[in-house]
Structure formats: structure tokens, C-alpha cells
Amino acid sequence: MINMWCHDIGREQAANRPLLKTVFQVMMRLFSPRKTTLLFVIRDKTKTPMKYLEPVLREDIQKIWSSISKPEAHKETALSEFFNVEVTALPSYEEKEEQFKEQVAQLRQRFFNSIAPRGLAGDRRGVIPGSAFSFSAQQIWAVIRENKDLDLPAHKVMVATVRCEEIANEKLGRLASDENWLELKTAVQSGRVAGFGRKLSSILDFYLSEYDMEAAYFDEGVRTAKREQLESGALNYVHSTFTAMLGHLRSKALEKFKNDLEQSLKSGKAFAAAVRDCTRASLLEFDRGLEDVTVEQADWDASKVRDKLRRDIDSHAASVRTAKLAKLKASSESKLTEALAGPVESLLEAAGDDTWASIRNLYRRETEKAVSDFTSSLSGFELDQATHDTMIQNLEEFARGVIEKKARDEAGKVLIHMKDRFSTVFNHDKDSIPRVWTGKEDIRAITKEARSAALKLLAVFAAIRLDDKPDKIENALSSSLLEQGPVSQSRSIEASTDLLASSTWEEIPPRNTLITPVQCKSIWRQFKSETEYTITQAISAQEAHRRSSNWLPPPWAIVAIAILGFNEFMMLLRNPVYILGLFLLFIVSYAVVLQFNILEEFRRGMLSGLLALSARFLPTVMNILRKLADEGHKYYQPPQPPRPAPSIDAPSFRSRSQGQPPLSSNPAPDSHSSSSSPASPTLNSS
């Protein structure tokens with residue numbers, strides 16, 4: 001019979017579930033299967049109907065049965081094989097005393113009739129005679145004593161357990177609401193707190209001491225066990241705050257490492273040495289802070305936090321190292337680009353026989369210098385040999401890439417370079433003086449020389465030659481593209497076509513090819529078509545110079561003029577007036593020739609000379625006419641009316657004739673005023 005308070009149904013501890021679990025386990029282990037009646041008496045029944053309470057209780061019992069560990073022989077044995085569960089209820093004795101006594105009397109009758117069919121006794125297989133009851137009870141008690149699971153604690157132990165647990169719970173609750181603890185917790189959330197370990201240890205020691213005083217008179221074993229539980233619970237409660245303090249220590253140590261590393265690198269210290277020193281200082285800072293936060297009552301291990309700090313330091317150092325190496329690499333690459341790009345472009349623009357040899361020398365010289373400086377800078381990082389070699393190799397490949405990129409860029413403008421080279425050679429002599437096409441120059445030879453120079457430039461741009469290996473590009477282009485004689489050209493036309501009918505050069509890897517043979521042929525065809533005009537202009541200039549140089553008539557014409565004009569010549573000799581007129585005409589004509597620079601104009605050709613003179617003739621005539629008009633206007637002026645003589649009155653005239661000053665000598669203002677006064681005499685001067 002198991003007494004159970006109505007409100008304990010469904011509760012883990014108050015419903016005696018652990019004890020019932022122990023009973024189930026021991027019954028299966030020690031006794032053979034037989035039905036034992038478990039009578040649950042629900043005390044102080046409430047208004048809740050039994051049809052709701054009983055299923056809940058039976059469900060709890062079934063859960064206990066399912067959760068216990070069973071022997072192999074009873075793995076699948078049902079609860080009903082061992083126990084017959086009965087449930088009854090009694091009202092509250094305080095509130096319904098009469099009803100309580102009445103139902104207790106009914107329950108008593110069930111015990112009186114327990115051996116009746118369907119009574120409380122249940123299974124009758126284990127029934128023994130009354131004479132053997134004493135012996136049977138002794139055997140059962142012996143089994144109970146030998147099994148510790150059935151050794152129920154004494155009353156003193158039970159009281160100590162309950163009371164010490166209550167004291168421990170009360171101290172733990174007070175700790176949670178302690179003002180000093182709450183202030184400390186709040187301060188930790190804001191940042192690091194000096195003396196954290198000492199303060200927290202003092203708070204914990206206070207409540208543990210109170211527990212020791214209040215539980216001093218209870219069972220020592222129970223008291224000690226509950227104290228350990230209290231200490232463990234208190235430490236678990238404050239552990240999150242301790243972890244937060246460790247986080248502050250880690251953050252501060254990491255920040256110290258970052259600042260110290262930055263200052264060390266600014267002062268010029270080697271990177272690897274700076275990382276080692278700053279790491280040592282940061283870990284020492286963390287260890288000192290850890291001593292300040294250590295709690296006396298706890299044995300917490302902070303090694304994981306320290307390891308996390310070390311990983312963070314290593315990660316930051318690696319990121320800084322990567323950034324520094326990237327910056328160092330970028331600086332070296334920038335210097336290489338500056339040292340190679342401009343000179344390579346200049347060498348390619350002035351392409352000649354030793355262009356690629358000069359580029360190779362430049363490449364080796366600048367690369368060796370850059371590698372030397374880069375290696376010196378890398379020494380402070382203490383890189384492993386494999387990483388060091390890889391970075392050096394990448395720098396050398398970058399230098400090669402700069403040259404290849406510049407070569408490809410210039411190869412894209414090869415037609416412009418070829419035309420510039422052709423124009424330079426064609427229009428300037430060996431002393432770089434501009435040519436004047438006087439008719440003595442061999443335009444065919446000059447054209448061939450200029451085209452040869454352009455073709456040599458095309459051969460230079462056709463491939464990248466940084467490996468110093470011989471090739472036959474220039475010979476192939478010369479034999480295929482330069483103008484040849486009629487006979488040899490007809491013989492080699494098939495061979496020429498074969499030499500350039502390919503997409504690769506012999507002995508040149510495809511990755512080093514800038515212009516393929518087929519592209520060279522197309523570029524050369526376009527080059528020739530675009531330079532034909534320059535050659536034509538030179539030929540025209542020569543012809544014009546020849547015509548301007550031969551301005552005298554042919555010799556036969558001079559002889560014919562002398563023979564046919566002999567009579568006229570003799571007539572001029574007999575008449576000096578004609579000679580004088582001719583001389584004047586010659587002087588005027590010579591002045592006109594000099595004024596208009598007629599000889600120089602006709603040196604450029606008859607048509608161009610006539611056009612130039614006609615363009616200058618009309619403005620000159622207009623200028624002459626304008627000057628004549630100005631001269632005529634200057635010498636021709638219209639007649640002006642005569643000015644009247646000033647009027648002189650008789651007394652003044654008489655006085656002046658006698659040597660006396662006149663009374664008034666004011667002249668008439670104009671002719672109109674003098675004519676308007678007939679009474680006054682006038683003196684007109686002719």
C-alpha cells in the first residue's frame with residue numbers, strides 16, 4: 001500500500017518515483033515473477049474525478065517500468081506479469097472526517113477479504129503455510145540486507161539530506177541576488193575588473209561559511225556532500241562571468257600584440273623577431289591577468305582560452321605578414337615595371353640587329369638587381385626555403401611578363417613603326433639631314449634601303465627572343481618579301497609562298513610568337529600600299545626639279561634664233577633708240593621677275609608656277625590701282641571760295657596811316673556779315 005498525496009501525482013520526487021523504480025528493479029532481479037498488488041491510496045482527493053487521476057498515475061507507473069533496466073530474461077515482460085496495480089482515493093480528514101472514516105472502513109474490508117477471489121492478495125502461487133512464515137520472513141530480510149539498493153537510509157540521514165539541501169538552495173538563491181555579486185557581474189560586462197578573483201572568492205567564501213555554520217550539526221557525510229553540491233552550483237553560476245573576464249584578458253592581450261607589432265615594425269625591426277617578442281609579451285600579459293582573476297574555490301582550466309589567444313595572435317601575424325609581403329612584392333614589381341617598360345619600348349621603337357640582345361641584357365641586369373633587393377627584404381620574415389624560392393621565381397616571371405606584354409603591345413603597332421622607319425630612312429640621308437630631290441638621287445636604291453629597314457623592324461617584332469636562341473625569321477622575311485629581280489623572283493615565288501604559309505615560326509615556341517608568318521605577309525602588303533604615295537611624291541619632285549633646272553631653250557633652238565634673227569639684230573645695232581628701249585624693257589622685266597620670284601615659282605613646274613603667279617598677280621594689280629587712286633586724291637583738291645578781307649573803318653584807317661592806333665580793329669565775322677552792312681567801307685586784298 002502506497003500513500004500518495006493527490007497533488008503529488010505527476011511530480012518526479014514527491015510521488016516517490018525513485019523509490020518505486022528501485023522496487024521494480026529489485027523485484028525482477030531477486031524474485032521470480034508473481035503478481036504483487038500495488039495499492040495506491042490517493043490522499044486528500046480534490047474535485048478532480050478519478051477517471052482523470054487514475055490514467056495519469058497508471059501512465060507514470062508504466063513510464064517507470066519502461067525506463068528501468070531489465071534482465072535479459074525479462075526484457076519483454078509486461079508490468080502486469082509482476083504487479084497488479086490498484087488505485088483508490090480518500091477525502092481530506094480535516095475537511096470530511098465522516099466520509100474519510102467511512103471509506104477507510106471500506107478499504108479495511110478489502111484487506112479482510114484479500115484472499116477471496118479477485119481480492120488484494122492477488123496471485124496465490126507464492127503462498128506458504130503459517131508455520132513457515134517466520135523462516136520465510138527471515139530469508140526475505142536477509143535478501144534485503146544483502147542488497148544495497150534496498151538499504152533505506154536512517155531517519156537522521158534523511159533529515160540531514162533534506163535540511164542540508166534546503167540550506168544549500170537558500171545560500172545559492174541569496175548568492176544570485178547579492179548586491180556585491182550583481183555589481184561585479186555588471187562591471188565585468190563593461191570591461192576588465194581589477195581584483196576580480198579576490199572579490200569573487202570573498203563572495204563565495206561568505207556563503208560557504210554560512211552554510212558550514214548552519215549545517216554544522218547534521219550528518220557529516222550528508223553535510224559534506226551537500227556542501228560540495230552548493231560549491232559546484234555556485235561555481236557553475238559564476239562561471240559565465242569568469243569566462244567573460246577571460247575574454248577581456250584575451251582581447252586586451254591580443255590588442256597589445258597588435259599595437260606592439262605595429263610599433264616594432266615602424267621602428268624598423270625585423271618582422272619575425274618582432275612577432276616573437278610581441279607574442280611573448282602578450283602571453284605574459286595574459287598570464288599575469290589570469291592570476292588576478294583566479295578564484296580560490298575553483299580549479300578552472302584557462303588553457304583553452306590561452307590557446308585561442310595564441311591562435312588569434314598567429315592568425316593576425318599571418319595576415320600582417322601576408323599584407324607586408326604583398327606590399328613588398330607590389331613595390332618590387334612596380335620598380336621592375338618602371339625599370340623595364342620604358343627602356344624596352346624605346347629599344348623596340350629603335351629596332352635593330354642587337355635589339356633583343358640589349359633587351360636580354362636589360363632583363364638580366366634589372367632582374368638580378370630586383371631579386372637582390374627583394375631577397376634582402378625577405379630575410380627579416382624568416383620564410384621557409386620553398387616559399388622563398390617560389391616568391392623569387394614569381395618575381396622573375398613577372399619581369400619576363402612585363403617585357404612580353406610590352407612587346408605584344410608594340411607588336412600591335414608594328415605597321416605604324418614600319419611606316420615611321422620607312423619615312424625616316426627614305427626622307428633623310430645617312431647624316432639624318434632631310435633629302436632634297438634634285439634629280440641626282442637613286443630613288444630605287446633608297447626605296448629598297450628603306451624597305452629593308454622596315455622589314456628588319458618587322459623581323460624584330462615577329463617573336464620574343466629572351467632565351468638567346470638563333471632563328472631564321474629575318475632571312476625568311478627578306479627572301480620572301482623584298483623586291484627581287486624578274487628572273488629570280490619568278491623562280492622563288494613558290495618557295496616564298498611556302499615560307500610564309502604557316503602560323504608558326506621555325507624554332508620559335510607558339511607562346512613566344514608575336515606576329516605569325518601569315519600576318520607578316522598581310523602587314524607587308526598593307527605597308528607597301530601605304531608607302532607607294534611617298535615614293536610617287538619623291539619621283540614627282542625629281543621630275544619637277546629637272547624641269548625647273550632646264551629653263552633655257554634647247555641648243556638647236558638657240559642656233560635657229562641666232563640665224564633667223566640676224567637681220568633684226570643688225571637693225572638694232574643700226575638704231576640705238578631701239579637698243580635703249582630694249583634696255584629699259586629689260587630693266588623693267590628683271591624688276592618684275594625679282595618682285596614676283598618667277599624663277600623660283602617655275603622651278604616647281606609650269607602649271608604650279610602659272611597658278612602661283614596668277615594668284616599673286618591680281619592682289620598686286622589691285623594694290624597698284626589703290627596706290628594710284630591715293631596719289632590722285634592727294635594731288636587733286638576742289639577749289640575753295642575766297643575769304644573776304646577784314647573791314648576797316650575810316651577813322652581807324654586814317655589813324656593807322658598817320659601812325660596812331662585804331663579805335664577798333666575787330667574784323668567782320670564772315671563774308672555774309674560784311675555784305676549785309678553796305679554803309680561800312682571794305683578793303684579787299686587781291
Side-chain angles (χ1 to χ4, degrees), residues 1-27 29-30 40-44 60 64 67-69 93-94 140-182 184-185 197-242 294-301:
M1 184 171 63
I2 302 171
N3 276 304
M4 180 175 291
W5 190 32
C6 182
H7 296 287
D8 287 344
I9 296 176
R11 295 173 59 187
E12 183 72 22
Q13 298 295 333
N16 295 321
R17 293 180 66 174
L19 181 60
L20 192 59
K21 184 177 181 180
T22 302
V23 172
F24 286 169
Q25 290 176 339
V26 175
M27 286 290 290
R29 189 172 71 249
L30 301 181
F40 288 88
V41 182
I42 301 176
R43 302 288 304 276
D44 299 339
D60 289 344
I64 295 172
S67 64
I68 63 175
S69 59
Y93 179 79
E94 299 291 339
I140 292 174
W141 186 248
V143 172
I144 291 174
R145 291 184 62 184
E146 290 175 0
N147 286 270
K148 294 182 179 180
D149 293 335
L150 299 177
D151 187 11
L152 301 179
H155 177 73
K156 178 182 178 181
V157 175
M158 294 179 64
V159 172
T161 301
V162 174
R163 186 67 187 120
C164 290
E165 186 172 354
E166 291 178 352
I167 296 173
N169 292 336
E170 188 264 339
K171 301 306 175 187
L172 194 59
R174 287 181 57 191
L175 171 64
S177 60
D178 186 271
E179 294 184 359
N180 295 330
W181 158 247
L182 293 177
L184 183 62
K185 183 178 180 181
R198 176 177 51 79
K199 295 178 181 179
L200 183 56
S201 299
S202 176
I203 295 173
L204 294 177
D205 186 66
F206 174 76
Y207 288 104
L208 291 176
S209 300
E210 283 195 347
Y211 171 84
D212 292 337
M213 288 190 298
E214 295 183 19
Y217 301 103
F218 294 103
D219 184 76
E220 182 179 359
V222 175
R223 183 178 72 244
T224 303
K226 294 302 178 182
R227 189 185 192 279
E228 292 176 355
Q229 292 181 7
L230 171 61
E231 186 175 355
S232 176
L235 292 177
N236 289 336
Y237 179 72
V238 302
H239 185 264
S240 60
T241 306
F242 174 78
T294 301
V295 180
E296 297 178 0
Q297 293 82 1
D299 189 17
W300 288 324
D301 185 13

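- Using a 4.5 Å heavy-atom threshold, the side chains of L230 and K171 count as touching.
- Put simply, the side chain of S232 never gets that close to the backbone of E228: no donor and acceptor are under 3.5 Å apart.
- Between atom CD of residue E94 and atom CG of residue D44 there is a gap of 8.5 Å, rounded to the nearest 0.5 Å.
- Aromatic ring orientation, W300 versus F242: tilted (interplanar angle from 30° to 60°).
- From N180, atom CG reaches atom NZ of K199 across 9.5 Å, with rounding to the nearest 0.5 Å.
- Of the inter-residue distances, the one linking I203 atom CD1 with L208 atom CG reads 12.0 Å to the nearest 0.5 angstrom.
- When side chains are defined from C-beta on, Y211 does not count as touching E231, because their heavy atoms never get closer than 4.5 Å.
- Shortest non-hydrogen contact noted between L182 and A176 is CD2-O, 3.6 Å.
- Taking 4.5 Å as the limit, some side-chain heavy atom of L204 sits within range of a side-chain heavy atom of L175.
- T161 is listed as a side-chain neighbour of K226, based on a closest heavy-atom distance under 4.5 Å.
- Contact record, R223 with A216: NH1-O, 3.1 Å, taken as the closest heavy-atom pair.
- S209 contributes a side-chain N or O that, together with a main-chain N or O of D205, makes up a donor-acceptor pair within less than 3.5 Å.
- Not a single donor-acceptor pair under 3.5 Å links the side chain of D178 to the backbone N or O of R174.
- Here the CD atom belonging to E170 is positioned 7.5 Å from the CD atom belonging to E210, to the nearest 0.5 angstrom.
- The backbone N or O of K185 lies less than 3.5 Å from no partner atom in the side chain of T241, so there is not a single donor-acceptor pair.
- Within the 4.5 Å cutoff, no side-chain heavy atoms of W181 are placed close to those of Y207.
- The shortest side-chain heavy-atom distance between Y217 and R163 does not fall under the 4.5 Å cut-off.
- To the nearest 0.5 Å, atom CG of residue L172 and atom CD of residue Q229 are 11.0 Å apart.
- Note that CD1 of I167 is 12.5 Å distant from CZ of R227, once rounded to the nearest 0.5 Å.
- For the pair F218 and C164, the tightest heavy-atom approach, listed with the atom from each and the gap, is CB-SG, 3.8 Å.
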